[in-house]
Asker: 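Here you go, one structure.
Whatever order the structure lists ligands and atoms in, that order sets their numbers, starting from 1. The figures that follow rest on heavy atoms only: side chains count, while hydrogens, waters and symmetry mates do not.
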Amino acid sequence: MTTIAPPQIRTICCIGAGYVGGPTMAVIADRCPDIQVLVVDMNTTRIAAWNDDDLAKLPVYEPGLDAVVGRCRGRNLHFSTEVDAAIAAADMVFIAVNTPTKTRGIGAGQASDLRWVEACARQVAKAAVGHTIVVEKSTLPVRTAEAVKAILEAAEDTDTTRSFSVLSNPEFLAEGTAIRDLENPDRVLIGGESTTAIHALAGVYGQWVPPEKILRTNLWSSELSKLTANAFLAQRISSINSIAALCEATEADVEEVARAIGSDSRLGPKFLKAGPGFGGSCFQKDILNLVYLCRHFGLPQVADYWESVVALNTWHQHRIAALVVQKLFGTVTGKRIAILGFAFKADTNDTRESPAIRVCRDLLEEGAILAIHDPKVDPDQIALDLGQPVGESWLHCDAVADAVTGADAAVILTEWQSYSELCWDALAPLMRQPAWVFDARAITDSLAVCLAGLNHWRVGCGMV
Ligand code: NAD
Ligand code: UDX
């Protein structure tokens, strides 16, 4: 353990300008005006979008992000593709690159693909100057820091003017509320061996986060805590969605059940909203990674337990698509169905693992013609996710009214605020009767929908 005073951090480099790197570094730059923050990425298009004069064109849509970037960009926040130069200039390098599920080889379908993290470690090993604190910001399997350290130590051996400390500092922001989460986090977690390095990173966060919210652990606890937090959160969603299915079969109402159980202070009210199943780039990936690790460490029962959280989620999404088919007289072939919302949750343009993908693919498989509306998702992204270009089997609509015109059903899959304010009296006459509203987010007023002459289904509501 080192005991010297923590180094003053003057320059930070963040490798990865994605949903985590961009917003996180923007908030650090905003709250730490004395630190120069260099965000680098090998994706030139993404960097160009971060540098666009028009803040509406930033590559990540997050409420409040444009204002933060607008304040700091060009002052102490810089986006570039000059990775080596940024590493060389930095006292601290964050690694915030993607760690998706492996698609081939050992652990395919479960383990995280660490090739981009390893590439970053090697690039830091090559380009760093003097002492560099390397911070794992990506979500990583427990004990990944061992590999990062091994690569950096090899670099120390070949050039003794360089040295490294490795910290784990997982990110807990949720998309759609990223700026709020970063500005006022429940906690900041720092795992590491060097108290000097931990102090240095705590000093950065300490410029706006109260000290009692900065938790210090060992490296491995920090890495594992991130996977565990996501597993527990996702487990709650699978739990409530399982009960939603039971409610639909028994005339109970999942919203009432959620309120009743959420009033128990031991359970709490958050994360009990039944929906179309969890999406997003993190939950499924991180649980599958946990499952892989458990099997690797000889704990098959623990692996099976967590795997069931993902299995329930997958089943629930297929269940919603099947239910739409069943209510529309058992066939949707050639029928137009309006899809309201494609993002995995409201207030983001991210579609990774969005429930809409599975539901839409199932409906397309049944021969439906989908008219898709989302206020923020680019149609090119939808085409990629559905594996087919816009055209015969699906259309993109800029307005909800266009999407529902001639449709037998509207399926609400994202909880955009604007969808809760729709005037069904005006929309109903545009639809082919008898028509349905399938509300997988429970944001519509069932009475208003029914009074408009439409059939209504709401997730977890067994009352007819
Ligand atoms: P992302 O795909 O949006 O961004 C990652 C970026 O890293 C990409 O732009 C990619 O081009 C860049 N990159 C990859 N390798 C590079 C390299 N060698 N050099 C330069 N750039 C490189 O991913 P994200 O959503 O920001 O997630 C990043 C990490 O944070 C993941 O491990 C994820 O699990 C974790 N995380 C994500 C969230 C979230 O809400 N998205 C929340 C918490 C944690
Ligand atoms: C999650 C974690 O919340 C965050 O801490 C971590 O850093 C990254 O992963 P994110 O995936 O961005 O964040 O969003 P989150 O709000 O957790 O929602 C994930 C999915 O669960 C979404 O599809 C959302 O619609 C769904 N969800 C969430 C529900 O269906 N019901 C709920 O009650 C809460």
Asker: Could you verify whether a donor N or O on one side chain and an acceptor N or O on the other, from Gln284 and Asn313, lie under 3.5 Å apart?
Answerer: no
Asker: What residues sit with at least one heavy atom under 4.0 Å from ligand 2?
Answerer: Glu171, Phe172, Leu173, Ala174, Glu175, Lys226, Asn230, Leu233, Ile237, Phe271, Leu272, Lys273, Phe278, Gly279, Cys282, Phe283, Phe344, Lys345, Arg441
Asker: Are a donor atom and an acceptor atom from the side chains of Ser221 and Asn218 found within less than 3.5 Å of each other?
Answerer: yes
Asker: Show me the side-chain donor-acceptor pairs of residues 260-271 shorter than 3.5 Å, one per line, residues at least two apart or across chains.
Answerer:
| residue | atom | partner | partner atom | Å |
| --- | --- | --- | --- | --- |
| Ser263 | OG | Arg259 | O | 2.6 |
| Asp264 | OD1 | Arg266 | N | 2.8 |
| Asp264 | OD1 | Arg266 | NE | 3.1 |
| Asp264 | OD2 | Arg266 | NH2 | 2.8 |

Asker: At less than 4.0 angstrom from any atom of ligand 1, which residues have a non-hydrogen atom? List them by chain and residue number.
Answerer: Ile15, Gly16, Gly18, Tyr19, Val20, Asp41, Met42, Asn43, Arg46, Ala96, Val97, Asn98, Thr99, Trp116, Cys120, Ser138, Thr139, Glu171, Leu173, Glu175, Lys226, Ser281, Cys282, Lys285, Arg352
Asker: Find out whether the Lys NZ or Arg CZ of Arg187 is both under 6.0 angstrom from the six-membered ring centre of Phe172 and within 45° of the ring's axis.
Answerer: yes
Asker: Using the benzene-type ring in the case of Trp, are the ring centres of Phe342 and Trp416 under 6.0 Å apart?
Answerer: no
Asker: In terms of the angle between their ring planes, are Phe232 and Trp306 parallel, tilted or perpendicular, with boundaries placed at 30° and 60°?
Answerer: tilted
Asker: Could you label the plane-to-plane angle of the Phe438 and Trp436 rings as parallel, tilted or perpendicular, counting under 30° as parallel and over 60° as perpendicular?
Answerer: parallel
Asker: Establish, from distance only, whether the side-chain atoms of Tyr61 and Asp347 form a donor-acceptor pair under 3.5 Å.
Answerer: no
Asker: Under the ring-ring contact (aromatic ring centres under 6.0 Å, His included) rule, what pairs show up with a residue in residues 111-141, not counting sequence neighbours?
Answerer: none
